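None of these values were measured; they are calculated from a predicted model.
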Amino acid sequence: MDPKLFLTTFTAVFLAELGDKTQLATVGFAAGSGARWTVFAAASSALVLSTLVGVLVGGAAGETLPAPFLRRGAGLLFVGIGAWLLWRG
């Protein structure tokens, strides 16, 4: 395992998830249900599954598309999402 890659990925995902709608939904479920450990287990499982999908799709894309194309595409996607969030109202 590459410790630098692990720490970079962990930090990026952790910071990206803070305060997003997934975390807010989890807060709502935990506050409204009284079953915190069930909510924790369900939310953690969902995050693990969605991460698996991302890794599989990313791995397949990495094997079929050139790295510069992937980096530029990811950069454009992030810029596009950021612009949309800024200007949507």
Could you pull out every donor-acceptor pair under 3.5 Å between side chains of residues 30-40 and any protein atom, sequence neighbours left out?
from, atom 1, to, atom 2, distance (Å)
S33, OG, F29, O, 2.8
S33, OG, A35, N, 3.0

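- Under the side-chain contact (heavy atoms from CB on, under 4.5 Å) criterion, K21 pairs with no residue, sequence neighbours left out.
- F6 and V13 end up in different hydrophobic clusters when Ile, Leu, Val, Met, Phe, Trp and Tyr side chains are linked at under 4.5 Å.
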Return a table of donor-acceptor pairs under 3.5 angstrom between the side chains of residues 51-72 and protein atoms on other chains or two or more places apart.
from, atom 1, to, atom 2, distance (Å)
T51, OG1, L47, O, 2.7
T64, OG1, A60, O, 3.1
T64, OG1, A61, O, 3.4

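- Not a single ring-ring contact (aromatic ring centres under 6.0 Å, His included) links F78 to another residue, sequence neighbours left out.
- In terms of the side-chain contact (heavy atoms from CB on, under 4.5 Å) criterion, residue partners of T11 (sequence neighbours excluded) are, by chain and number, L7, L15.
- Under the 4.5 Å side-chain heavy-atom criterion for Ile, Leu, Val, Met, Phe, Trp and Tyr, L85 and L77 are members of the same hydrophobic cluster.
- The line from CG of L24 to CG of L18 is 10.5 Å long, rounded to the nearest 0.5 Å.
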